[in-house]
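Working notes, beginning with the structure itself.
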Amino acid sequence: MRFEGTVFRYGRDVDTDVIIPARYLNSSDPSVLARHAMEDLDPTFVSRVRPGDVIVAGENFGCGSSREHAPVALKAAGVSCVIASSFARIFYRNAINTGLAILECPEAVEAISDGDVVSVDTDDGSIRDETTGASFSAQPFPPFVAQIIQAGGLVERTRRQLAERGGRA
Amino acid sequence: MTRPMTMAERMLAAHAGLDEVVPGQLVECDVDLVLANDVTAPMALRTFRELGATRVFDRDRVCLVPDHYVPNKDIRSAEQAKLVRDFAHEQGVSHYWEAGRAGIEHALLPEQGVVGPGDLVIGADSHTCTYGALGAFATGVGSTDAGVALATGRAWFKVPETVRVEVTGALAAGVCAKDVILHVIGLLGVDGALYQSIEFAGSAMRALSMEGRMTVSNMAVEAGAKAGLFEVDDVAREWLSGRCERPYVEVHPDADAACARRVAIDAADVVPCVAWPHLPSNVRPAADSRDVAIDQALIGSCTNGRIEDLRVAASVLAGRRVAPGVRCIVIPATPAISRQCMDEGLAAVFLDAGCVLSTPTCGPCLGGHMGVLAAGERCVSTTNRNFVGRMGDPASEVYLAGPAVAAASAVAGHIALPDDLD
């Protein structure tokens, strides 16, 4: 998938409590969650974000709670991709499982500024900062994880397995 | 003869049906238990339905615990709790507890003997790593992973590298398990063990009670870790005896297993400490935190809501009163612990001191209900996270501490040690 969007740049250790505060977890409706994405870190985010925009952040993005509401809220708010120096492990799984594109690329995080326009190809991990002309390559996904992404997420992959085996995966 | 393996490697290999695994390897495993709560289960059940599944993989291996927003805090929460309840009844899930019998999941499951050593557990809650204290490989996942596992009994894992944290010597009087894990997180940082499994070892760790070990394992995720494991020893065997509902398998690491990192800590260097806003790694000695005036103290949660924690809190609060203008909220983590508090006279101590004594709930730890903070308010809390807005308004502050410091702070009106009190 190719995306192009404006960058919202944040620091390290962006936790799931600021991505979607727990006070909104009495719903799991993506459209409800989207209205509160990033609210406690950047109250202007929801009013500024446009479909296709990209979040760029430092190490340990998505640390804290296992709430899958976090990647769901970002995706529903229009975020096409999160580029970070590293991801907390549960967020990493949840993003892959729910189809939010993520790329690990410390070099890109270092170089890209807030408000830049970037284009991203999540298939080959290439990132281009259209504002500065700089290009970067993200870490490729391990083959097993790439398979899940190519299958359209864990649910789709499992559904196929269940159908093939006529029962338990 | 297989290669020497760590605890994490041994348990993942066993559940993947392999003789050996190496760090970085991706494996698909049979899981022993799948857990979700009232916040994460609704999404997991959506996944379950999307798969076209009609029956859970094993009704005795599914745990559904309404604990976050129960007793229901509002209509939406009530609807989420109802979804989970209806599903549990429809599927005949044997490990479902209704409010009044339910407690905070990570206190309840070990207490009820549902988790045992050697188990592979996934839970749609990040603090599932608590069961590492029992020698189980237990880790938090999201709702989709949980939903798939509800249908299939399987999950994929990347075999983690191991960080071995050895704390040797004896902890000083007044230093508790919470201080140990805050000290470790302060050393490692909040992503110091990212994608890795921690093995906790050393004489000071072996000297901890099972409650203390659960406090330590509980916060492994706050260093980014996938699991926080203790070896089963006599302390564990005694605690598990007559409690564990299934036969269990002890898994021990090979002495020569390769670790990515070894961290040696002298127990004498651990002091009562506090994690200041807004990261659990922002650790300072409690003695250097006395200038922090507080509005609320919270004693409870999956980290520190067990009987041992409440005994410590009561020993500080006995014969004293919570400071004017301060709310002290005490939350026994399970109904059995509430009962023990009554039987041992702790409940009377808390009420006489002017505390709120709550029914079991995760509520205030995540700013849900039963103790949400206003802008500018500060809470010293025995919970596990002090992120921006964690317990309420984004302009509120959370200071993480052990039960003795939290109780002393409630009396003093500022962060304090028990010895500071008259």
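Numbers restart at 1 for each chain; the letters A, B, ... are given by sequence-line order, proteins then strands.
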Which heavy-atom pair separates [X] from [Y] by the least distance, and what is that distance?
X: Asp40(A); Y: Gly389(B); result: OD2-CA, 3.9 Å
X: Glu50(B); Y: Arg159(A); result: O-NH1, 2.6 Å
X: Asn26(A); Y: Arg76(B); result: O-CB, 3.2 Å
X: Ser126(B); Y: Gly64(A); result: CB-O, 3.6 Å
X: Leu25(A); Y: Gln80(B); result: O-NE2, 3.0 Å

So which residue, [options], ends up with the most heavy-atom pairs under 4.5 Å with chain A?
options: Thr139(B), Asp393(B), Thr40(B); result: Thr139(B)
options: Ala225(B), Gly140(B), Ser77(B); result: Gly140(B)
options: Asp38(B), Val190(B), Asn384(B); result: Val190(B)

Under 4.5 Å from any heavy atom of chain A - which part of [X]:
X: Ile75(B); result: neither
X: Arg390(B); result: both
X: Asp74(B); result: side chain
X: Val148(B); result: side chain
X: Leu26(B); result: side chain

Is it the case that the side chain of [X] and the backbone of [Y] share a donor-acceptor pair, with hydrogens and angles ignored and the cut-off at 3.5 Å?
X: Arg46(B); Y: Ser28(A); answer: yes
X: Glu68(A); Y: Ala124(B); answer: no
X: Arg23(A); Y: Gly367(B); answer: no

Distance from [X] atom [atom1] to [Y] atom [atom2], nearest 0.5 Å?
X: Thr152(B); Y: Gln161(A); atom1: OG1; atom2: CD; answer: 8.0 Å
X: Phe144(A); Y: Glu28(B); atom1: CZ; atom2: CD; answer: 4.0 Å
X: Glu156(A); Y: Leu51(B); atom1: CD; atom2: CG; answer: 9.0 Å
X: Ser66(A); Y: Asp145(B); atom1: OG; atom2: CG; answer: 10.0 Å

**Item:** Toward chain B: residues of residues 86-117 of chain A with heavy atoms under 4.5 Å
**Value:**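 Residues Ser86(A), Phe87(A), Ala88(A), Arg89(A), Ile90(A), Tyr92(A), Arg93(A), Asn94(A), Asn97(A), Thr98(A), Glu104(A) are the ones that qualify, each having a heavy atom under 4.5 Å from chain B.
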**Message:** Test side chain to side chain contact (heavy atoms under 4.5 Å, CB included) on Asp191(B) and Arg12(A); report intermediate values, then the result.
**Reply:** CA-CA 10 Å; Asp191(B) 61 351; Arg12(A) 58 168 295 149; 3.1 Å; yes
**Item:** Arg154(B) and Thr158(A), any side-chain heavy atoms less than 4.5 Å apart
**Value:**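 Result no, sub-4.5 Å side-chain heavy-atom pair not found.
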**Contact check, side chains of Ser65(A) and Arg385(B), non-hydrogen atoms, under 4.5 Å** =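 When only atoms from C-beta onward are counted, Arg385(B) and Ser65(A) do touch, with a gap below 4.5 Å.
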**Message:** Is Val32(A) close to chain B through its backbone or its side chain, or both, or neither, when contacts mean heavy atoms under 4.5 Å?
**Reply:**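 Looking at Val32(A), just its side chain touches chain B.
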**chain B contact via Arg157(A) - which portion, at a heavy-atom distance below 4.5 Å** =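 Side chain only.
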Output the option from [options] having the highest count of non-hydrogen pairs under 4.5 Å with chain B.
options: Val145(A), Asn60(A), Thr16(A); answer: Asn60(A)
options: Val18(A), Asp15(A), Ile148(A); answer: Asp15(A)
options: Leu41(A), Val72(A), Asp13(A); answer: Asp13(A)

